[in-house]
Amino acid sequence: MAPGRVSPDPAVEPTTRHALASITADYDDTIRFYLNGSKVTLDSADPEVTLLEYLRGIGLTGTKLGCAEGGCGACTVVVSQYNPTTKKIYHASVNACLAPLVSVDGKHVITVEGIGNVKSPHPAQERIAKGNGSQCGFCTPGIVMSLYALLRNNERPSEHDIEEAFDGNLCRCTGYRPILDAAQTFSAERSCGMAKANGGSGCCMENGDAGGGCCKSNGNDDQPIKRFTPPGFIEYKPDTELIFPPALKRHEFKALAFGNKRKRWFRPATLHQLLEIKSAYPSAKIIGGSTETQIEVKFKGMQYTASVYVGDIAELRQYHFHDEYLEIGGNVTLTDLEGLAEEAVEHYGAQRGQPFAAILKQIRYFAGRQIRNVGTPAGNLATASPISDLNPVFVATNATLVAKSLEKTIELPMADFFKGYRVTALPPDAIIASIRIPVFQEKGEHMRAYKQAKRKDDDIAIVNAALRVKLDDSHVVKDCSLIYGGMAPITIAAKQAVEYLTGKTFTDPSTLEGVMNALEQDFNLRFGVPGGMATYRKSLALGFFYKFYNEVLQELQTSSSTADADCIPEIEREISKGFKDHASAVAYEKQTIGKERPHVAALKQCVGSAQYTDDIPVQQNELLACLVLSTKAHARILSVDTSPALDLPGVVDYVDHNDLPNPEANWWGAPKCDETFFAIDEVFTAGQPIGVILGTSAKQAEAGARAVKVEYEELPAIFTIEEAIEANSYFDHYHYINDGDLDKAFAESDHVFTGVARMGGQEHFYLETNACVVIPKPEDGEMEVWTSTQNPAETQAYVAQVTGVAANKVVAKVKRLGGGFGGKETRSVQLAGICAIAAKKLKRPVRCMLNRDEDILTSGQRHPFLARWKVGVNKDGKLQALDADVFNNGGWSQDLSAAVVDRALSHADGCYKFKAVSVRGRICKTNTVSNTAFRGFGGPQGIFVCESMMEEVADHLKMPVEKLREINMYESLEKTHFRQELKDWYVPLMWKQVLADSEYQRRRGEIEEFNKKSKWKKRGLSIVPTKFGISFTALFLNQAGALVHIYHDGSVLVAHGGCEMGQGLHTKMTMLAAEALGVPLENVFVSETATNTVANTSATAASASSDLNGYAVWNACSQLNERLAPYREKLGSEATMKQLAHAAYFDRVNLSANGFYKTPDIGYVWGPNTGQMFYYFTQGVAAAEVEVDTLTGDWTCRRADVKMDVGRSINPAIDYGQIEGAFVQGMGLFTIEESLWLRHNGQIFTRGPGAYKIPGFRDIPQEFNVSLLKDVNWENLRTIQRSRGVGEPPLFLGSSVFFAIRDALKAARSQWGCEDVLELRSPATVERIRVSCADPILKRAEVKAADGEKSFFISI
């Protein structure tokens, strides 16, 4: 179980329980709802299951578990209900992982299976599938349901509605562009038959005739509109949707009470019933949306014996417009509050309605739509989060809470509501019935709200604020509120600033300076403040007021003072768009290959019928496993007491290292066997498995794991690369590449520059966490292992080892993965091995799917890197020498760290020729999670070192970095520093094409002009190339096998060694087989990857799987074609495969073939620097433009242009998906994604979507153009169909966004006289961007560490 979970005692006293029982004695105990159109009645519902657990438990496995905290959207379903606030039916997208089962009583639950199937899909499902919007498919059902909810509530959504519809959904594969393109076909603008894009004269919205919306949305329905359906798609007919069951319109909400000894649920139907419960039992847990409580239950082990669901009390969901205030029910959902705020602004007017405009602004980026659909203002207030986005607005407006108990009603001023961290003034027996939000006076009152987070959408604030002033006619401040969140343990007023500002003339310039001084005192944060980011948070507090002051000044329009207008606007995105060249492979098309085809499983994934590991039906007698994990970074284990766990009901057994056949069986690792499945006497990282608890349910296993008591003796721990270097803590691996005379090259250089490049790691965040189902067989120790792995062969080998049998008794199988990215290449073996040990001991099937936090704690990340470089360069910019020491953070075991640092060394030249190179690599041994493979495998880190160096050298030389890159770029047939000739070298050509296609020089001029005029917004532009070597650096891995069967009916079954994880490998293999055998694509099928069909497979990795497995499949098909040749000659060219196979079978011809392929020519030798390292290089170039708000660090990518050389693409649609997905994942790596560890206990802090942010739908480039190189000859490319591997190479191109940000920061720093060369560490988070800006506000906000003081977080 994840570290940090606690098991508090139940909070219910026996006397209280009796009182509560008497009050609720007459309550009903049956939940009634509809599910996909069918009535469901539950009279014995489990009070501890969520809606997601219920759905999956009855076999509706299309709804997925991705995070269990409402942060990824994989579990999205639609709950249709009568809304007592709006008095209309509303179709709410909700997170099923958070929703208690009681919350769906009287409602209609619709899952992805309920709206369509493969034979008859819903148009939303079909368009996402055919539009290539599903790769691994694990996130797809949730995305489909978010789109479905939008369409059910709005038949004609605008482009903007669609752009924002997915703010509660994440996808790690696609880069989002194809999903948005598919969804936009439903928009009013694009689905209108009159739209110009669809051949019409122009829709009303295009022609400006609709007043900002579709004429049909404005009630003008007297003429039926022609709805445009894109060719090849099912027509969308809103009137054919599932109806809201008529019985539910008559549903009477009865008070409910049900549960068991451990937990009871109460669902009062009236306010009086709720107050009775609170009176009898003041500590009963009140649940509105369960958006916080379920996280406490799941991840903190909290036990709430009595929970009261209040979402169906109509009295708490009303609102009333009064002359002086708007009163809203405490349980109005945030989505309804959004609508009410819009209505209030219109009702009271822009001036008087400013509080509601502020609410509207904060709600826009408040969590995702699924959370806003169930979350409530009362819940937000009662939880008293110090970073709530709404609470500062309520305090600043002097709102009043109306609190009710059975005895009395009291009014609580918001100014006095928050008493301490998570402590409020709400009496124990009272509930928040309503909130009264005052309306502003007609003139003189001004208010704005602000928020800054790591990511724009669906993210908690780092700092937020609501700032208000009331001025008299002379602009003297009569009253003010300066309320901040994220600056203290509570939502807090800047008291000294308020005191100073009151009575001052607002327009006097000295007032601004005085308030800024006072804010410095109000928020005098120490360097090690909880939450970290002291300088950044302080700069935001000052920056928000600076923005507010100037915005009010601009509104006042006085002659005595001039507003700094440039600081006021916040960065806003346009509707995103993109271009792809769909004609890129036309010249190379054959019967099947070279054509754009959707992923073969896309439609199954979109309708929820695609099966993943945890979707495998429950086995008879199955047990659920939960890991017992170390809570210490480095410690001796003194004792492990399992008795409290084994005493719990449902806990069956505890398994650890003592249950292995021998001590040696506990050791694993690849290629070095230096890691244990179970810790023995010492733990080396927080999250290391100590044992595993087996239970009859996942919840019981989790409870058991929490109950295991481990005593430790803590030992010194090392976390960072710098600490490891200082302690000389390395693994025993040292490789280098030396080429040319380094001393001579430096001696002949005009300049020698030195620097340090630093790059953080990256969490894989595949949507499907590691999972396996291990099924022991009754004979000979056989075992069947279904696992989400990229490496079935290694899984098979280690399961055989830990169970003490030969490998031929173990079959490892993979249907598909919900994403991998390298994270399931080796680390998945740990879970499979542990479950196999348990299954063997207990002789029962064992299942485990890790929670998101457990997965992050145990599965490793991309390696952080540090490089110290020295470069010799001539004054004309020609590079002479490169000398670098490169270090990666391997974590506590070696895993694949050696190969990762080796690849970094081989890519440290980027795309540039040096006369001499010496690069050396070491692996740092630390006490963090063992880092592992991740898309790019050290290549992006090596190229980043090079490109960082290029940026800094160009600045030293005062030369445009584009010129430095251009004049040093390799030419065709030149040799790299590892002496490999560059054949089919097209980077210089693509560089020119991207410069031209992106209009780079024109935009560079425009950006320079923009930056001259704009004080606080800066734009940046960058173009970077990449080359990525394709081959495993371990020679023996460059092999693959395949097995192809042709059956009587002419159908073809293909088995190969690669695993499908969204990259379209099975799609390409079926296309190659169809092409080779001359059969229709639909006649070819890949069932699964299994070690008993293709043995001794290499991991699906290194971007080589299509090359290796493709040739193996082709080889098998070639053998079959040879055998079938006489029958083709005999039966003629028109003969079908069915006829051919039939004839061959009766002639006793073998219709099965085993194919094999090994990559030729390669075999590099480290040290002597001889032999060919890679079979070829995949190449690309990308240009990106950004805009940065230097007052906050906020930014957006305005445009990205990407061009890749993938040779002759087997399937351009699949390759485009890989390029877009890799680019966005790379953009995340270099900007948003930052892993943080807690200094006080050595545990990782960023262990879920709440704290770790990957790019969302609204983070991708606003204009995202992707093309493939065409019209060239690949004379030396001898791969399958002359295609190139594409999975990893585009990832580094996401760094173009990072370097564009750096370009913008150079302009910002230069404006304030700072000409120092900027050393920008990756990732360029909003914090790093802001603290690099060098402006006066930042300098006065700077917080320096006191002697010996350290930061709250450790950035590894």
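Closest non-hydrogen pair, Leu170 versus Gly1256, comes out as CD2-CA, 4.3 Å. Of all heavy-atom pairs spanning Leu20 and Ala306, the tightest one is CD2-CB, 4.2 Å. Across all their heavy atoms, Tyr27 and Ala257 have their closest contact at CB-CB, 3.7 Å.
Checked by atom type, the side-chain pair Tyr450/Gln362 shows no donor-acceptor distance below 3.5 Å. Defined by atom type and a distance below 3.5 Å, a donor-acceptor pair is present between the side-chain atoms of Glu241 and His122. Ser93 and Asn373 form a side-chain donor-acceptor contact under 3.5 Å, judged by distance and modelled atom types alone.
Between Phe266 and Tyr309, the ring center distance fails the sub-6.0 Å criterion. Checked against a 6.0 Å centroid threshold, the rings of Tyr34 and Phe244 do not count as neighbours.
Not one N or O on the side chain of Glu163 forms a donor-acceptor pair closer than 3.5 Å with the backbone of Glu159.
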* **Chi angles and distances behind the side chain to side chain donor-acceptor pair (under 3.5 Å) call for Gln354, Arg468** => CA-CA 10 Å; Gln354 285 182 80; Arg468 179 189 63 85; over 6 Å; no

* To do: For Glu69 and Asn95, run side chain to side chain donor-acceptor pair (under 3.5 Å): C-alpha distance rounded to whole Å, both residues' side-chain angles, the deciding distance at 0.1 Å, then the answer.
  => CA-CA 9 Å; Glu69 59 177 84; Asn95 295 118; over 6 Å; no

* To do: Test Glu411 against Thr400 for side chain to side chain donor-acceptor pair (under 3.5 Å), laying out the working first.
  => CA-CA 6 Å; Glu411 295 184 3; Thr400 301; 5.2 Å; no

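Using a 4.0 Å cut-off between charged side-chain N and carboxylate O, Glu48 and Lys263 make no salt bridge. We find that Glu315 and Lys404 are not joined by a salt bridge, their nearest charged nitrogen and carboxylate oxygen being 4.0 Å or further apart. Ion pair Arg364/Glu572 flagged as a salt bridge, since at least one NZ, NE, NH1 or NH2 atom sits closer than 4.0 Å to an Asp/Glu carboxylate oxygen. Here Asp167 pairs with Arg372 in a salt bridge; the nearest charged N to carboxylate O distance falls below 4.0 Å. Look at Glu53 and Lys699 and you find a salt bridge, because one of the NZ, NE, NH1 or NH2 atoms lies within 4.0 Å of a carboxylate O, short of that distance. Electrostatic pairing of Glu570 and Lys361 counts as a salt bridge here, judged by a charged N lying under 4.0 Å from a carboxylate O.
Each of Tyr319, Phe321, Phe356, Tyr325 was evaluated against His347; a single residue qualifies, Phe321, per the ring pair (Phe, Tyr, Trp, His ring centres under 6.0 Å) test. Under the side chain to side chain contact (heavy atoms under 4.5 Å, CB included) test applied with Tyr484, the options Leu467, Ile387, Thr491 reduce to a single match, Leu467. Put simply, the residue from Gln81, Arg317, Lys254, Lys107 that forms a side chain to side chain donor-acceptor pair (under 3.5 Å) with Asp312 is Lys107. Under the side chain to side chain contact (heavy atoms under 4.5 Å, CB included) test applied with Leu98, the options Thr50, Val374, Ile295 reduce to a single match, Ile295.
A cation-pi contact, defined as under 6.0 Å to the ring centre and within 45° of the axis, links Lys456 to Tyr365.
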